[in-house]
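A short write-up of the structure that comes next.
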Amino acid sequence: MSQPFISVVMPVYNAGDYLDSSVRSLLQQTFSDFELILVNDASSDNSGNIADRLAREDTRIRVIHKEVNAGSSLARNTGLEYVVGRYVFFMDADDVVDDTLFDQIVRSLEKNPAQAVVFGLIEEYYDAEDRLHHCVPVSCGKDQVLDSQEALRREVIFLEEKTLYGYVWNKCYDTAYLRKYQVLFEVAPLNEDFLFNVQAFMEMERVNLLSSTPYHYKKRIDGSLTNRFVPAYFELHYKRVRLLYEQYQYWGLLDDQVRRILANIYVRYIFSALQRNCDPRASMSHADRKRFLAELYEQPLFNDLISFSHGSSRLVRLMAAWLKKHRTGLCLMGGRGIYIVKNKLPMVFAKAKQSR
């Protein structure tokens with residue numbers, strides 16, 4: 001097989017209901033010089049059979065069957081070992097892309113060779129009956145060529161503010177660059193994509209931003225929105241804020257603007273943790289939740305950032321004010337209110353998150 005321009009790595013685990021449509025959206029690309037590597041991560045449904053059938057239908061598809069399920073991070077690393085394309089794109093097996101995505105990427109790289117291309121997405125929210133409820137486009141804002149390290153690094157915090165930094169499936173990466181710096185996925189719940197990008201962007205010099213939103217991120221929400229509970233939620237997101245803080249320290253660009261954006265993100269994570277602390281699976285009493293905040297008030301990162309938070313919305317400004325003044329009762333009441341809305345009106349909650 002001659003070297004394709006793009007290699008697509010898709011981890012597949014029990015995605016039988018969505019895999020066919022996901023792959024079809026790739027096969028319909030107007031730019032056809034790509035390969036697709038499906039990594040079947042020991043699926044227990046018919047995903048493996050579907051993958052094999054698709055490979056028989058199109059020679060650009062290769063299937064790797066893993067005998068033991070190890071998670072999407074290690075499945076992606078496995079796929080990376082087989083990549084031969086100049087650029088690599090990671091895609092989830094339950095999402096779809098517009099048929100012009102690769103064309104847009106290639107045209108961007110022809111004009112401005114870069115180590116990564118970043119594009120926007122459309123968040124598609126599906127209800128418990130798998131019906132599309134509403135869509136939220138998330139865009140980089142405008143087409144840009146970030147052709148110096150400083151320009152690139154200054155833009156990262158704005159990508160994170162829009163939630164576009166942490167994802168891997170809204171980016172196409174230079175394969176040789178990833179291999180030079182040995183960038184791989186770590187096994188880390190919730191943060192594996194973010195950790196990958198912290199590594200990947202650390203020494204990058206050129207990145208292209210596209211204003212389009214060709215990736216369709218399908219978010220399926222059940223009736224209660226509590227089907228997944230992560231006990232270490234706050235610790236994982238605290239690490240995310242700290243790593244970005246440290247990345248900007250390393251770059252020598254940790255100014256007040258960066259601190260302000262990080263502070264607003266941090267405030268939202270704190271209140272997200274407070275509502276999760278109300279979940280019975282957290283096994284936290286009222287005293288435990290008060291202790292959580294008391295310990296938070298003592299954190300060096302909290303004290304460095306909280307004064308910079310002025311809120312990106314009225315709600316975040318209010319929450320930041322409570323935290324600044326250590327208004328523990330109001331913070332706990334706010335967390336409880338968010339928990340009630342999230343569980344009783346999950347779609348209202350999902351929409352409200354977009355106006356933060």
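Being a predicted model, the structure only gives us computed values, none of them experimental.
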Worksheet entry | L101/T30 under side chain to side chain contact (heavy atoms under 4.5 Å, CB included): CA gap, chis, key distance, verdict | CA-CA 8 Å; L101 170 60; T30 54; over 6 Å; no
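- The side chain to side chain contact (heavy atoms under 4.5 Å, CB included) check on T175 picks up V83, V88, R179, with sequence neighbours excluded.
- The hydrophobic clustering, which links ILVMFWY residues whose side-chain heavy atoms are closer than 4.5 Å, places F302 and L305 together.
- Side-chain rings of Y269 and Y238 stay apart, their centers remaining 6.0 Å or farther from each other.
- For the pair Q29 and V97, the minimum side-chain heavy-atom distance is below 4.5 Å.
- With values rounded to the nearest 0.5 angstrom, R107 atom CZ is found 11.0 Å from L109 atom CG.
- Counting non-hydrogen atoms of neighbouring residues, nucleotides and ligands closer than 6.0 angstrom, the NZ atom of K290 reaches no more than 12 such neighbours.
- In this structure, the side chains of Q149 and L152 stay at 4.5 Å or more apart for every pair of heavy atoms.
- Judged by distance alone, the side chains of Y13 and N69 never bring a donor and an acceptor atom under 3.5 Å apart.
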Discussion item. Apply side chain to side chain contact (heavy atoms under 4.5 Å, CB included) to residues E160 and R240 and explain how you reach the verdict.
Written reply: CA-CA 11 Å; E160 175 66 5; R240 181 177 179 129; 3.1 Å; yes
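- L26 and L54 fall within a single hydrophobic cluster, where Ile, Leu, Val, Met, Phe, Trp and Tyr are joined by side-chain heavy atoms under 4.5 Å apart, directly or via other members.
- When all heavy atoms are compared, the tightest approach of P11 to V9 is CD-O, 3.8 Å.
- Atom CG of residue L254 and atom CD1 of residue I157 lie 9.0 Å apart, to the nearest 0.5 angstrom.
- Ring centroid separation for the pair F158 and Y165 does not come in under the 6.0 Å cut-off.
- Partners of D193 under the side chain to side chain contact (heavy atoms under 4.5 Å, CB included) rule, at least two apart in sequence or in another chain, are R76, V168, W169, F185.
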Practice prompt. Any chance you could lay out the salt bridge (charged side-chain N to carboxylate O under 4.0 Å, His left out) test for R24 and D99, step after step, and finish with the verdict?
Written response: CA-CA 10 Å; R24 298 291 174 197; D99 59 8; over 6 Å; no
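- Residues D255 and V258 approach most closely at OD1-N, 2.9 Å, considering heavy atoms.
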Discussion item. With side chain to side chain donor-acceptor pair (under 3.5 Å) as the criterion, how do D103 and T100 come out once you've worked through the C-alpha distance, each side chain's angles and the decisive distance to 0.1 Å?
Written reply: CA-CA 5 Å; D103 232 339; T100 60; over 6 Å; no
Worksheet item: Are R276 and D279 close enough, and set up right, to give a salt bridge (charged side-chain N to carboxylate O under 4.0 Å, His left out), and what steps lead you there?
Response: CA-CA 5 Å; R276 283 171 168 81; D279 192 299; over 6 Å; no
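- For the pair M10/I37, no side-chain contact is recorded, criterion being any heavy-atom separation below 4.5 Å from C-beta on.
- Side-chain contact between L323 and L293: present, with at least one pair of heavy atoms (C-beta onward) separated by less than 4.5 Å.
- Evaluation of the side chain to side chain contact (heavy atoms under 4.5 Å, CB included) rule for C278 yields R289, R336, Y339 as partners, not counting sequence neighbours.
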Item to complete: Evaluate side chain to side chain donor-acceptor pair (under 3.5 Å) for N208 paired with N112, printing each intermediate quantity in order.
Response: CA-CA 7 Å; N208 295 342; N112 304 288; 4.7 Å; no
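- If you look at Y173 and F196, their ring centroids are closer than 6.0 Å.
- Contact record, L38 with A51: CD1-CB, 3.7 Å, taken as the closest heavy-atom pair.
- F34 has its side chain out of reach of F89: every pair of non-hydrogen atoms, C-beta onward, lies at least 4.5 Å apart.
- The two atoms that bring W322 and C331 nearest to each other are CB-SG, 3.6 Å, heavy atoms only.
- The shortest distance between side-chain heavy atoms of D98 and H216 falls below 4.5 Å.
- Between Y87 and F5, the angle of the ring planes stays under 30°, which puts this pair in the parallel group of the 30/60° scheme.
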Item to complete: Assess whether side chain to side chain donor-acceptor pair (under 3.5 Å) is satisfied between Y266 and S309, documenting all intermediate values.
Response: CA-CA 9 Å; Y266 194 26; S309 178; over 6 Å; no
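- A salt bridge does not link E295 with R291: none of the charged nitrogens is closer than 4.0 Å to a carboxylate oxygen.
- Between Y297 and H326, the angle of the ring planes stays under 30°, which puts this pair in the parallel group of the 30/60° scheme.
- In the hydrophobic clustering of this structure, V187 does not group with F90; members are Ile, Leu, Val, Met, Phe, Trp, Tyr whose side-chain heavy atoms approach within less than 4.5 Å, directly or through other members.
- More than 12 heavy atoms of other residues, nucleotides or ligands shown are found within 6.0 angstrom of CD on E57.
- At a threshold of 4.5 Å between side-chain heavy atoms, the hydrophobic network of Ile, Leu, Val, Met, Phe, Trp and Tyr places L210 and F201 in one connected group.
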Practice prompt. Please lay out, stage by stage, how F119 and I105 fare under the test side chain to side chain contact (heavy atoms under 4.5 Å, CB included).
Written response: CA-CA 9 Å; F119 41 90; I105 291 170; 3.9 Å; yes
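- More than 12 heavy atoms of other residues, nucleotides or ligands shown are found within 6.0 angstrom of NZ on K324.
- Residues H133 and Y125 place their aromatic rings such that the two centres sit no closer than 6.0 Å.
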Practice prompt. Walk me through it: do E35 and R62 pass the test salt bridge (charged side-chain N to carboxylate O under 4.0 Å, His left out)?
Written response: CA-CA 8 Å; E35 66 169 347; R62 287 190 285 169; 2.8 Å; yes
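- Side-chain N/O atoms of Q104 and S212 include a donor and acceptor closer than 3.5 Å.
- The heavy-atom pair separating V84 from P4 by the smallest distance is CG2-CD, 3.5 Å.
- Side-chain contact check for S22 and D95: no donor-acceptor pair (N or O, by modelled atom type) lies under 3.5 Å.
- Looking at every heavy atom in both residues, S73 comes nearest to E186 through OG-O, 2.9 Å.
- In K162, the NZ atom is crowded: over 12 heavy atoms of neighbouring residues, nucleotides or ligands sit closer than 6.0 Å.
- In this structure, CG on D92 lies 12.5 Å from NZ on K218, to the nearest 0.5 angstrom.
- The aromatic ring centroids of Y167 and F194 lie 6.0 Å or more from each other.
- Here the options are R260, R242, R259, the test is salt bridge (Lys or Arg N to Asp or Glu O under 4.0 Å), and the partner is D304; only R259 passes.
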Practice prompt. Assess whether side chain to side chain donor-acceptor pair (under 3.5 Å) is satisfied between H65 and D52, documenting all intermediate values.
Written response: CA-CA 10 Å; H65 293 284; D52 287 337; 2.8 Å; yes
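- D143 and S211 are linked by a side-chain donor-acceptor pair at a separation below 3.5 angstrom, with hydrogens and angles left out of the test.
- One hydrophobic cluster, built from ILVMFWY side chains closer than 4.5 Å, cannot hold both V96 and F102; they sit in different ones.
- N197 has its side chain within reach of K171: a pair of non-hydrogen atoms, C-beta onward, lies under 4.5 Å apart.
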Worksheet entry | Derivation and outcome, side chain to side chain contact (heavy atoms under 4.5 Å, CB included), residues W251 and M202 | CA-CA 8 Å; W251 287 339; M202 193 65 81; 3.9 Å; yes
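- With a 4.5 Å cut-off on side-chain heavy atoms, L36 and M91 do not count as touching.
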